Amino acid sequence: MILIPCPNCGPRNSSEFTYEGENKERPNAATVTKAQWRNYLYLKNNPLGWTTETWYHSSGCKKFLVAERHTMTNEIRSTKALGQQGGAS
Amino acid sequence: MSGAQGSSRGAQRLGEVVDRNRTITFTFNGKKYKGLEGDTIISALTANGVKIVSRSWKYHRRRGVMSGNYHDPNCHFQVNDEPNVRGAHRRLEEGMVVSTQNVSPSLKFDIGAVNQKLSRFLTAGFYYKTFIKPERLWPTYEKVLQRFAGGGKVAATGHHVPADKRYAHPDVLVAGGGPSGMSAALSAADAGSNVLLVEEEYELGGFLRWGTADELAVAQSLREKVAAHPKITTLTNAVVAGRYDQNWVSVIERGLPVVMESLIKVRTATLVAAPGLIERPYVFEGNDLPGVMLSTAVLRLVNLYAVKPGERAVVFTGNDSGIAAAEALRGIGVDVVQVVDARHGGGLVRATSSRGVLSGVELSDGSKVLCDLLVVAAGWTAPTTLLNLSGNHPVFDEAGARFVPGPDLDDTVFATGGLVGDGTIDEILAHGAAVGRQASERATNGSVTTVAPAFSPDPHLPLFFGTTKGIVDFSEDVSSKDLLTAAHEGYNSVELLKRYTTATMGPAQGKLETINTVAVLASANGESIEETGTTVWRPPYVPITLGALAGRSYEPVRYSPMQAWHESHGGINIVAGQWMRPEHYGDAAKEVSTVRSGVGIIDVTPLGKFELKGTDVTKLLNLVYVNKWSKLEVGAVRYGVMCGEDGVIFDDGVTGHLSEDRYFMSTTSSGAAGVYAHLESWLQTGFPEWDVTITNVTSAYASINIAGPQSRELLSKLVSDVDLSNEAFPYMNLRTGTIAGVPGCHMWRIGFTGELSFEIHVPAGFGAYVWETLMEHGADFGITPFGLEAQRIMRLEKGHFIVGQDTDGVTQGFSAGIDWLIKLDKDDFIGKPELQWQHDSGAGFRLVGIHPNDPKQVPTEASQIVIDGIIQGRITSSRFSPTLNRSICLGLVVPALAVAGTVVPIRLPNGTIIQGTVMEHHASYDHEGAKLRG
Amino acid sequence: MANPTARSPIGVNGSTKQLGSWEVSDATNSGPVTLADVSAATKILVVADVDSARGAALNCAFQSTHRIDNALIVGAGPGEWLVLAPAGQTPTVIEALPGDIGRGDLVDVTHGGTLLRLTGNDAVAVMSRMCAINVGLDAFADGSAFRSSFARLVCDVARDDVNGVPSYLIHADRSSGQYLFDSIMAVGETFGIRVTGYPVAGL
Amino acid sequence: MSRNKPVKYSALGLFKRGLSGKEWPRVWRDVDLKKTYDVVIIGAGVHGLSTAYYLAKNHGVKNVAVVDRAYVGGGGSGRNTAILRSNYLTPEGVRFYDRSVDLYRHLAADLNFNVMFAPRGHLTLAHNDGALRTMRWRAEVNKVQGIDSEVIGPEEIKKLVPYMDVSDDTRYPILGALYHPPGGIIRHDAVNWGYARAADAMGVEIHQKTEVLGINTAGGKVTGVRTNRGDVSAPIVINCTAGWATLIADMAGVKLPIITHPLQAAVTEPVQMFLSSVVVSGSLHVYVSQTDRGELVFGASTDPYAAYSMRSSLEFTEELAGHVLELMPSISKMRVLRQWSGLCDITPDFSPIMGFTEVEGFLVDVGWGTYGFKAGPASGEAMAQLAATNKTPEIISAFDLARFEEGRLASERGAAAVGH
Ligand SMILES: Cc1cc2nc3c(=O)[nH]c(=O)nc-3n(C[C@H](O)[C@H](O)[C@H](O)COP(=O)(O)OP(=O)(O)OC[C@H]3O[C@@H](n4cnc5c(N)ncnc54)[C@H](O)[C@@H]3O)c2cc1C
Ligand SMILES: NC(=O)c1ccc[n+]([C@@H]2O[C@H](COP(=O)([O-])OP(=O)(O)OC[C@H]3O[C@@H](n4cnc5c(N)ncnc54)[C@H](O)[C@@H]3O)[C@@H](O)[C@H]2O)c1
Ligand SMILES: Cc1cc2nc3c(=O)[nH]c(=O)nc-3n(C[C@H](O)[C@H](O)[C@H](O)COP(=O)(O)O)c2cc1C
Ligand SMILES: [Zn+2]
């Protein structure tokens with residue numbers, strides 16, 4: 001059970017969170033092409049290494065947060081609340 | 001022989017753990033035996049002179065005690081209804097019924113033993129090379145192979161007694177209660193840490209327990225200090241079974257009163273591995289004969305249970321443990337005829353047998369010695385599992401002939417004792433104490449300053465296999481010959497070798513056999529052990545029962561406030577996600593006709609309900625729904641559909657405008673949690689500047705739909721502060737008022753049934769009261785409660801679709817017949833681009849009403865519409881309508897068929913084709929909505 | 001029309017008494033651990049920016065509790081407070097809440113939740129079987145709170161000792177009240193748990 | 001080029017060698033890596049190996065190297081729960097998987113290697129009426145295509161699985177099941193080894209411990225691969241690396257709509273046979289079968305977050321045990337022996353991606369998620385044809401990469417909660 005340091009609640013078991021994956025910028029719906037939109041829908045980075053992703057603390061503070069996690073070791077080197085600069089490590 | 005008589009219990013031993021005053025009676029293979037309290041199954045059997053305790057898996061060879069500890073592959077028994085019980089660990093209990101597994105008809109005459117004769121043909125992987133043709137015979141061969149399956153039996157009648165799992169949060173967890181573990185625990189606790197000390201055996205002490213008087217004294221003194229320390233919690237007969245990410249550690253407690261085992265989930269700041277060493281077997285011909293035992297097995301049997309494992313012993317040793325075993329044997333009166341010390345050039349060629357048990361040995365000097373006990377002390381294996389599971393890569397220490405922790409140890413994981421090195425008791429204790437302090441430092445302030453004394457293995461002879469071939473993996477019956485053959489065939493990496501021969505795949509999971517497996521492979525490849533490497537260690541360290549892992553089941557169940565009423569009035573439950581709700585009260589068709597002609601009430605509490613407040617609520621509604629919300633007046637409600645960014649419908653519901661900046665949203669029951677997260681996601685990640693606060697009030701209100709032509713009359717008996725007339729309170733409006741004396745109730749003029757209806761949301765505590773009051777006052781109208789099934793029939797008559805039933809994971813907005821609702825002229829909303837493109841292309845199925853041409857035929861839901869062998873659609877909902885007295889359906893069809901009047905062939909599950917006609921509207925009942933608006 | 005009666009989601013075994021409009025158990029049992037259904041308690045949810053007037057006036061940090069008169073304020077989330085008070089006090093509590101509502105909300109969730117009080121020296125042992133949070137007496141001191149998964153429900157838990165005896169208030173969605181109650185009773189069995197009635201003190 | 005001399009496996013051969021003590025020849029050769037091949041296949045899992053086998057067998061393309069950073073079957077193909085079935089939800093899926101099961105049926109004879117195909121029957125349980133409706137849907141789509149698949153009730157389930165608790169007072173009562181008699185299990189390692197041996201016998205080279213570090217391209221065309229053992233040139237490179245697929249595709253500059261999620265599995269200690277069918281419960285996220293050795297093999301749904309970590313988790317076994325005991329409470333005293341993990345390449349529509357990419361000669365056979373072992377033979381056959389003819393075979397045309405951009409998703413989503 002990996003431990004996610006929630007910037008609000010402190011370290012919590014990952015089972016309290018919902019994984020949202022990489023947060024992608026939503027294209028402008030008025031001008032978007034099919035290729036751009038489907039890229040937004042379906043193409044996400046899938047790196048082996050550090051990744052920046054969104055988690056939702058659904059069984060805790062109910063806030064979304066951004067974490068930097070290593071996809072090989074599951075180490076989390078930082079988390080921050082949305083719109084927050086620094087954050088817990 | 002398994003039936004041998006006579007007791008071989010010797011005189012009192014210093015470290016004895018049996019109680020000579022308390023006899024326990026048990027049976028083994030149907031025969032009665034006596035043992036002492038404190039005995040394990042195996043010590044009691046040995047005390048009774050039983051030498052052959054099991055048969056091996058594949059060749060059904062006779063087997064006796066080998067390692068004498070939990071991991072002994074020869075000592076698995078069926079005990080009562082429990083399979084695979086570790087007989088060298090499990091203590092006797094009065095009346096225990098112990099039997100040998102996987103023999104037929106008996107341990108003595110086991111037919112499977114014929115495989116021994118065939119063993120030259122049954123080499124590893126033989127089945128891959130045979131039974132290939134003719135194909136039709138393989139199933140029969142398979143049945144024969146399945147008879148090889150090892151292990152005990154489980155009965156179909158057993159049940160799961162839930163054990164509570166618990167959580168623990170020590171600063172330091174110490175795995176292993178030998179001298180090093182106790183020392184580490186004491187110093188960590190002295191340094192201020194809360195310590196959890198876990199020992200697999202029944203008492204602390206480790207190898208000291210079968211040691212000399214001095215060693216026993218050290219053990220006793222350490223035990224007393226541990227027991228007296230307020231910061232140490234000790235668990236015995238418990239095992240650290242796994243280490244997972246970030247020191248999430250599983251501990252299994254065994255031998256509990258009611259349940260067999262229970263699981264403790266430990267999040268520890270630091271972990272100290274102090275599991276000691278495991279003695280490894282030696283590979284030579286006859287090494288699995290009953291009578292061939294490891295030195296630690298002998299030490300345990302003699303010094304803990306005062307049992308004589310034989311009469312005439314030969315000891316083959318490469319270390320002091322063999323010498324200690326010889327000493328112990330002499331002490332209990334066993335004739336030790338020869339000690340063959342490999343350190344002085346002694347060698348063992350093979351063990352020989354007579355009538356299936358050990359009868360003598362042949363030594364490298366050519367001599368042959370008769371004996372009934374061969375003690376083997378070839379060396380040690382470090383049980384590095386917990387370190388491997390922590391990401392460490394142990395390295396092979398050539399001189400010490402065993403693996404030791406690698407340099408890449410996680411900084412929250414520590415190792416001490418035999419796992420790390422050898423030394424005097426004082427050195428072990430000093431190392432343990434230093435490591436305990438380090439673990440405490442790391443746990444409390446993060447940085448480690450204590451330096452541990454140097455500690456490494458003493459030189460040991462690399463005794464892995466001798467000059468003859470023998471068994472390497474005792475539980476899988478894999479010999480060194482099998483390994484060499486497989487390596488020669490090309491299965492020449494550890495991983496392929498393992499999978500091809502199954503070596504290390506049995507219950508001991510390599511703890512006894514990995515090193516020898518690797519050593520044999522290395523010799524075949526002409527490589528070193530380090531180069532060859534080991535297979536991957538995986539959890540658990542020892543097998544864990546499903547019962548302990550499952551524990552008590554926490555599966556939340558949700559009830560509406562009216563559940564008790566439903567149950568006492570014949571409501572038949574249906575499981576709807578977490579909710580339990582009445583499907584019907586006996587006769588759904590009758591419920592339908594009562595609603596259509598009079599009035600009925602249904603409990604719709606599970607509907608998702610949210611209060612939305614703030615100045616930007618309309619912005620949110622416009623974003624998440626496909627339709628428009630800016631002009632919804634206070635007091636009005638509107639239907640909306642939500643799609644994902646892929647344009648696929650994911651929820652629908654009604655939202656009402658309560659006051660200036662306050663809205664009340666309802667969602668489907670199953671969609672509630674998802675919609676809440678969806679809204680929060682957009683608010684928090686997309687538009688944090690918007691002023692919207694969402695409160696989930698799903699359970700705060702009991703929701704009741706009062707439906708039927710007489711619903712207004714009924715409700716008006718209970719409401720005085722709201723004008724319920726059609727003029728004052730028209731369709732698609734909401735009011736807030738007092739119902740049956742309960743203030744703060746929301747009333748909505750909407751309904752899923754197609755009748756005049758009021759959906760009321762009552763503060764939940766009063767739900768049952770209001771429901772009962774409605775039933776009471778409705779008696780004059782012949783009111784009926786109705787369940788989910790009646791509602792489904794009525795909604796189908798009315799042509800309302802259900803998200804997830806009439807739509808699926810790819811149904812985009814324009815497929816559901818809600819073209820009128822989707823406002824592509826809105827600037828933007830979730831899923832708009834995809835819906836725009838669907839609109840332009842006209843792609844995707846279309847939801848239509850379908851009437852079977854034969855009104856009596858109700859095509860099963862999921863019946864396919866097939867034309868020229870190609871699937872062109874399917875029935876998504878179907879019922880017999882009591883109102884129309886005919887069958888009615890909704891279905892998804894290709895656009896070409898979605899034209900009113902088209903006749904489509906519907907293939908029933910039994911293959912019959914019936915015809916159905918595509919209708920003008922989804923609704924078969926009151927398409928204009930006159931009833932609703934009445 | 002008779003006076004409406006409000007009921008807790010948890011069925012009462014035994015005699016009841018009326019507390020305002022609520023029907024509650026009047027049992028008075030004691031034991032090493034007791035469980036009381038206090039679902040009738042007033043529960044107000046306040047959402048406000050932490051640094052807004054109201055947020056500051058509540059004077060209660062996230063994951064802690066604070067008493068104002070007979071109300072217990074629980075810092076349930078960042079910018080989210082659960083105000084608990086004796087049954088039937090909704091208007092008074094709302095009236096007494098300091099600070100203006102700005103952005104945010106104030107919702108009476110009395111009917112939306114179930115509230116249980118688990119008390120006794122063995123209560124912590126029961127707790128440690130039901131949630132992964134460290135509820136050790138030192139780690140989770142009197143006056144602390146958390147929201148986490150408890151018996152697999154999302155619960156707000158506050159430590160609110162009674163006369164020096166460890167006591168926990170556990171708040172969950174009303175619809176799962178019976179489930180939560182049954183789960184705690186099952187776990188408490190080995191500790192000799194007893195059901196007691198609605199406390200005289202009112203919460 | 002040295003040819004491996006295939007020696008036929010048979011009971012007689014086993015007998016003769018048992019008597020003479022003569023060793024068997026190697027299953028496949030250890031040879032030096034050449035500088036050039038006609039086709040380089042990355043990944044020695046079932047997909048890579050079967051593609052190589054059918055290239056050689058059906059198309060005479062034998063100058064083929066299959067390279068793998070680890071060992072044969074070291075990826076998903078060596079760690080999957082080996083469940084075979086063809087009762088998918090979409091017509092394209094059903095047709096494709098049916099072809100695969102058909103090839104599996106005769107694979108032992110084809111490869112002269114007993115792969116222990118065991119069509120023991122496959123049950124997908126439904127615990128609520130939504131699930132039951134999906135089972136019916138699958139059954140009906142299947143029947144239209146001639147697949148043996150039917151919804152059965154609790155009594156029939158009890159007959160097939162006497163240990164199942166089919167009473168209706170459980171938390172998750174069993175309302176019915178989709179029963180698929182031809183579904184079953186197979187000895188997965190044997191499939192991998194059998195394909196490798198048979199391909200090798202025709203001249204294909206299997207290179208273990210050979211890691212691809214880069215893909216060479218020129219002018220929009222693939223020219224070869226860079227490996228830890230040197231560069232190799234080839235006009236056709238096929239990516240069969242499942243969980244690692246995006247890493248390889250990234251090397252060629254091709255973006256794939258794939259996320260890698262670990263999928264875990266576990267086995268118990270063996271007990272005497274008591275479970276012949278394969279049992280799957282989507283709502284309870286668990287599936288179980290008993291091998292010929294007597295162990296129960298369990299699987300569940302993928303880990304909830306993307307990762308390349310193949311470590312195991314405790315919660316996986318906890319959930320699994322809890323759920324399997326809901327179904328079969330009587331096996332509470334069986335013990336979990338080992339748990340492990342593999343990587344799955346999950347696509348948005350739970351369907352694979354087979355075919356061309358924008359880089360000429362760089363082909364993909366990926367996106368196999370949690371269900372790709374059963375697809376091995378059919379996809380190998382189709383990919384071999386595609387590589388040899390440069391044309392997409394009809395049977396895989398619905399599974400092209402372009403479908404995502406073009407909005408033609410092949411949705412197995414509805415039935416894919418636990419899709420084995
Ligand atoms: C626990 C589990 C259970 C499953 N159960 C089932 C089931 O019951 N039924 C079913 O049909 N499917 C199942 N699957 C899915 C199935 O295992 C896979 O879809 C399938 O094995 C994929 O085969 P493959 O040949 O494409 O890839 P793999 O077998 O994964 O092979 C990929 C290979 O690529 C190699 N590789 C990666 N990177 C490189 C590189 N840079 N250079 C060289 N080589 C590289 C890897 O070493 C690996 O050997 C399961 C999967 C898992 C993990
Ligand atoms: N003379 C002998 O018979 C002998 C035998 C073994 C070791 N030694 C010496 O003693 C030293 C070992 O002392 P030590 O304290 O390290 O080991 P130890 O063998 O005395 O104690 C280790 C204890 O850890 C327990 N254990 C192992 N794995 C466990 C797990 N996963 N969970 C819970 N408990 C577990 C074992 O049951 C054992 O009691 C070594 O230096 C070695 O040279 C001597
Ligand atoms: C169908 C199947 C059955 C297995 N049976 C066993 C078994 O009986 N004993 C065992 O130790 N491992 C068994 N394994 C697991 C393997 O030992 C190994 O864990 C798995 O192939 C993953 O490899 P890894 O652990 O080396 O990463 C089995 C694996 C599969 C796929
Ligand atoms: Zn949080």
Side-chain angles (χ1 to χ4, degrees), chain B residues 162 164-169 194 257-258 264-265 267 551-561 563-564 578-579 605-606 609 611-615 662 691-702 717-718 738-744 762-770 772-773 777, chain C residues 1-9 11 21-23 39-40 43 45 47-48 79-80 101-114 125-136 138-139 149-154 172-180 182-183 186-187 189-190:
Chain B
D164 280 311
K165 303 184 214 173
R166 65 188 165 98
Y167 297 88
H169 307 263
N194 288 312
V258 182
I264 310 174
K265 296 185 265 182
R267 180 75 77 181
R552 187 182 298 284
S553 129
Y554 288 107
E555 298 283 349
V557 182
R558 304 179 72 178
Y559 295 118
S560 101
Q563 180 67 16
Q578 290 191 327
W579 292 93
T605 302
K609 297 179 279 289
E611 265 194 60
L612 284 68
K613 190 231 153 197
T615 50
R662 200 174 276 280
D691 172 15
V692 181
T693 304
I694 305 176
T695 308
N696 186 344
V697 291
T698 301
S699 304
Y701 292 96
K717 287 182 158 192
L718 305 180
T738 307
I739 303 178
V742 178
V762 180
F766 295 107
Y769 171 81
V770 171
E772 284 159 11
T773 311
H777 288 78
Chain C
M1 225 170 280
N3 275 340
T5 304
R7 287 175 209 144
S8 149
S21 50
W22 288 84
E23 182 184 275
S39 299
K43 310 175 206 81
L45 181 73
V47 178
E80 190 185 326
I101 324 186
R103 198 177 143 140
D105 202 358
L106 183 154
V107 184
D108 176 12
V109 292
T110 300
H111 291 264
T114 191
V126 175
M127 300 277 296
S128 71
R129 281 158 176 72
M130 306 192 71
C131 74
I133 303 291
N134 187 355
V135 288
D138 299 332
S149 171
F150 187 98
R152 260 210 194 150
L153 291 172
V154 179
D173 189 87
R174 176 188 164 108
S175 59
S176 302
Q178 187 71 50
Y179 159 81
L180 179 63
D182 293 345
S183 299
V187 173
E189 200 186 309
T190 34

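Letters go in sequence order (proteins before strands), and every chain restarts at 1. None of the values given here were measured: they were computed from a predicted structure. Computed from heavy atoms alone, side chains included, the values below leave out hydrogens, waters and symmetry copies.
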Could you pull out all donor-acceptor pairs under 3.5 Å where a side-chain atom in residues 127-135 of chain C meets a protein atom, sequence neighbours excluded?
unit_1   : atom_1 : unit_2   : atom_2 : d
C/Ser128 : OG     : C/Ala125 : O      : 3.0
C/Arg129 : NH1    : C/Ala125 : O      : 3.0
C/Asn134 : OD1    : C/Gly136 : N      : 3.0

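- The closest side-chain heavy-atom distance from C/Arg152 to B/Pro556 is below 4.5 Å.
- The backbone N or O of C/Gly104 lies less than 3.5 Å from a partner atom in the side chain of B/Lys613, making a donor-acceptor pair.
- For C/Ala186, the parts lying under 4.5 angstrom from a heavy atom of chain B are both the backbone and the side chain.
- Contact of C/Pro4 with chain B is made through backbone and side chain together, with heavy-atom distances under 4.5 Å.
- Both the backbone and the side chain of B/Glu555 have a heavy atom closer than 4.5 Å to some heavy atom of chain C.
- With a threshold of 4.5 angstrom between heavy atoms, B/Asp691 approaches chain C through its backbone and through its side chain.
- Within the 4.5 angstrom heavy-atom criterion, only side-chain atoms of C/Val47, from C-beta onward, approach chain B.
- Heavy atoms of B/Ser560 lying under 4.5 Å from chain C are absent altogether.
- Residue contact with chain C, scored on non-hydrogen atoms closer than 4.5 Å, involves the backbone of B/Lys165 exclusively.
- Interface residue B/Arg662: only side-chain heavy atoms are found under 4.5 Å from chain C.
- Between B/Glu772 and C/Arg7 there is a salt bridge, with a side-chain nitrogen of the basic residue lying less than 4.0 Å from a carboxylate oxygen of the acidic one.
- Using modelled atom types and a 3.5 Å distance limit, the side chains of C/Ser175 and B/Arg558 yield a donor-acceptor pair.
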Derivation and outcome, side chain to side chain contact (heavy atoms under 4.5 Å, CB included), residues C/Tyr179 and C/Thr114: CA-CA 11 Å; C/Tyr179 159 81; C/Thr114 191; over 6 Å; no
